[in-house]
Amino acid sequence: MKVKNLIVGAGLAGLTLAERLANVKKQRVLVIDRRNHIGGNVYDYDDGGILVHKYGTHIFHTNDKKVWDYLNQFSRFYPYMHEVKAFVDGQLVPVPFNLNTLSMLLPHSIAKDIESALLKHFSLGSKVSILELQKLPEFAFLSQFIYEKIFLHYTLKQWQCSPEELDSSVFERVPVVLSKDNRYFSDTFQGIPIQGYTQMCENMCKSELITLELDCDYKDVAHSLECERIFFSGAIDEFFDYELGELPYRSLYFEFMRFEREYFQSNSVINYPNNYDYTRIGEYKYFLDSKTPHSIVSFEYPKSWSRGDERYYPVPNAASAAIYEAYMQRAKALKNVYFIGRLGEYKYYDMDKVVARALELFESLS
Ligand code: FAD
Ligand code: UDP
């Protein structure tokens, strides 16, 4: 079968390209996904009035107005501002670690002295990575405290390695914040699609020029398709049959539980850096403020990845960057194949970045 544009993966990367190619370029697009639903990792479903995110809590946030305006064509966003609490020393404290966290976890006089020292060194509102703070001898006590209480044990659970073995960008995602802003993200635009991510994704692929095939693995159909262009949002090492080695990934296991009570916990997401085998518990009804007599929560357990498991996270470090670079060199020989999305680009992208990259690629196409 002849195909003008083949898109592998019906996640946000694939659907953004499909939507643009169909609605702007008026080209035919075939989108395939090996899963039985669209949306990729942002897929959600209704459970008695609560939209549950099948692959863990997803909160949209961006400073990129272009991406925000683009997605708002397909869904209105409920103005939800995300806050995360961590269970530390028997208390629920704000994460990222900020001046409120400091005053909750340390005795008043110590916290006040540290706060004054911090605000002499940094301006109010600045953000500093824990790895940077550790380099400053005058903050040795504080950085060791934050490292121990917030980062070390969570990271050991999540990545099965210590923070030093990962790219520093992982920790820039959750900086120490020198303000009393308890939000997890400081982005201008934040929210949850009002009818859910799945509905937003369905709205993105409404064009008659888009054909969607679910339960369809690229490897099973590649031989029967003659494609002018392929946009591949699966794993790049799998595309090349692992010929240059296997890229490392981390996987997850979600244990969903239903409770016949209005709320299970006092916040949408509670992190457990130092207790239990799971890293966090998410309670879904908070995102759209759903009023139901029951609640659905997920316990998120990190898991090592082996072939056949879902790939949730690339593992950013020097060794994986070298393998990815080798695949990219290999990919250059293929003139009509574009690798997109979190897995195709092997980047720890959030949703907005995946959409931004797909829009950029679309604009560069002839
Ligand atoms: P995916 O959503 O993974 O889609 C790729 C699709 O390709 C999948 O559906 C897969 O089945 C399909 N596929 C792969 N290989 C093949 C093949 N060979 N044949 C056919 N189909 C194939 N981002 C945020 O902005 N905010 C958050 O709060 C947030 N929370 C997250 C929480 C978790 C636990 C995780 C894991 C990620 C989170 N993210 C969050 C990141 C977000 O999920 C991603 O940025 C985004 O969904 C990636 O989109 P994608 O299209 O690149 O990939
Ligand atoms: N992190 C941590 N403690 C926390 C939150 C995050 O150690 O309470 C570290 C951990 O290594 C984690 C990384 O920061 O994997 C990135 O956190 P983020 O919340 O962005 O992870 P994601 O939501 O993408 O799983």
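Atoms within a ligand are numbered from 1 in the order they appear, just like the ligands themselves.
Evaluated by nearest non-hydrogen atom to atom 32 (C) of ligand 1, the leading choice among Thr57, Ile32, Asp220 is Thr57. Between the choices Trp159, Phe171, Tyr154, Phe87, the shortest heavy-atom distance to atom 15 (O) of ligand 2 belongs to Trp159. For atom 43 (O) of ligand 1, the nearest non-hydrogen atom from the set Met351, Arg35, His58 comes from His58. Residue nearest to atom 7 (O) of ligand 2, selected from Phe151, Tyr349, Phe97, Phe185: Phe151 (by heavy-atom distance).
At least one side-chain heavy atom of Phe122 sits less than 4.5 Å from a side-chain heavy atom of Phe139. Side-chain contact between Tyr154 and Trp159: absent, with no pair of heavy atoms (C-beta onward) separated by less than 4.5 Å.
Protein heavy atom closest to atom 18 (P) of ligand 2, with residue, atom name and distance, is Tyr184 OH, 3.7 Å. Looking at atom 45 (O) of ligand 1, its nearest protein heavy atom turns out to be Tyr349 O, 2.8 Å. Taking atom 47 (O) of ligand 1 as the reference point, the nearest protein heavy-atom neighbour is Val42 CG1, 3.6 Å. Among protein heavy atoms, the minimum distance from atom 14 (O) of ligand 2 is reached at Val174 CG2, 3.8 Å. When only non-hydrogen protein atoms are considered, atom 22 (C) of ligand 1 lies nearest to Arg34 CG, 3.6 Å. Considering only non-hydrogen protein atoms, atom 21 (O) of ligand 2 sits nearest to Tyr348 OH, 3.1 Å.
Checking only distances, Asn41 does come within under 3.5 Å of ligand 1, N or O to N or O. Between Ile59 and ligand 1, at least one N/O pair is under 3.5 Å apart. Looking at ligand 1, you won't find any N or O of Glu300 less than 3.5 Å from one of its N or O atoms. For ligand 1, the polar-atom distance check against Arg342 finds a nitrogen or oxygen pair separated by under 3.5 Å. Residue Tyr312 has no nitrogen or oxygen atom sitting less than 3.5 Å from a nitrogen or oxygen atom of ligand 1, judged on distance alone. Looking at Val8 next to ligand 1, no N or O pair under 3.5 Å apart turns up. The N/O atoms of Ala13, backbone and side chain alike, include one that comes under 3.5 Å of an N/O atom in ligand 1.
Only the backbone of Cys216 comes within contact range of ligand 1, with a heavy atom under 4.0 Å; no side-chain atom does. The side chain of Val354, and not its backbone, has at least one atom closer than 4.0 Å to an atom of ligand 1 (non-hydrogen atoms only; side chain from C-beta on). Contact annotation: for Glu238 versus ligand 1, heavy atoms closer than 4.0 Å belong to the side chain alone. The residue His153 has no part lying near ligand 2, judged by heavy-atom distances below 4.0 Å. When non-hydrogen atoms are compared, ligand 1 lies under 4.0 Å from neither the backbone nor the side chain of Ile340. Residue Tyr313 touches ligand 1 through its side chain alone, judged by heavy-atom distances below 4.0 Å.
A perpendicular orientation is assigned to the rings of Phe232 and Tyr218, their planes being inclined by more than 60° (bins at 30° and 60°). Using cut-offs of 30° and 60° for the angle between ring planes, the Tyr263 and Tyr286 rings count as tilted. Between Tyr338 and Phe231, the ring planes lie parallel to each other; the angle is under 30°, not in the 30° to 60° tilted range. His53 and His58 have perpendicular rings, their planes meeting at more than 60° on a 0 to 90° scale where under 30° would count as parallel.
Ring centers of Tyr78 and Phe287: at least 6.0 Å apart, outside the cut-off. The distance between the ring centers of Tyr70 and Phe74 falls below 6.0 angstrom. Aromatic ring centres of His294 and Phe259 lie farther apart than the 6.0 Å criterion allows.
Numbered from 1 in the order shown, with element, the atoms of ligand 2 that lie under 4.0 Å from a heavy atom of Arg280 read 19 (O), 22 (P), 23 (O), 25 (O). Of all atoms in ligand 2, listed by their number and element, those nearer than 4.0 Å to a heavy atom of Gln158 are 15 (O).
Tested against Thr211 for a side-chain contact (heavy atoms from CB on, under 4.5 Å), the candidates Leu30, Ile32, Val31, Val29 yield a single pass: Leu30.
For Arg250 and Tyr312, the positive end is not near the middle of the six-membered ring at less than 6.0 Å and at most 45° from its axis.
With respect to Glu310 and Arg35, a salt bridge is recorded, a charged nitrogen being found less than 4.0 Å from a carboxylate O.
A 6.0 Å sphere centred on NZ of Lys353 holds no more than 12 heavy atoms belonging to other residues, nucleotides or ligands.
A continuous path of Ile, Leu, Val, Met, Phe, Trp and Tyr side chains, each step under 4.5 Å between heavy atoms, connects Tyr147 with Leu136, placing both in one hydrophobic cluster.
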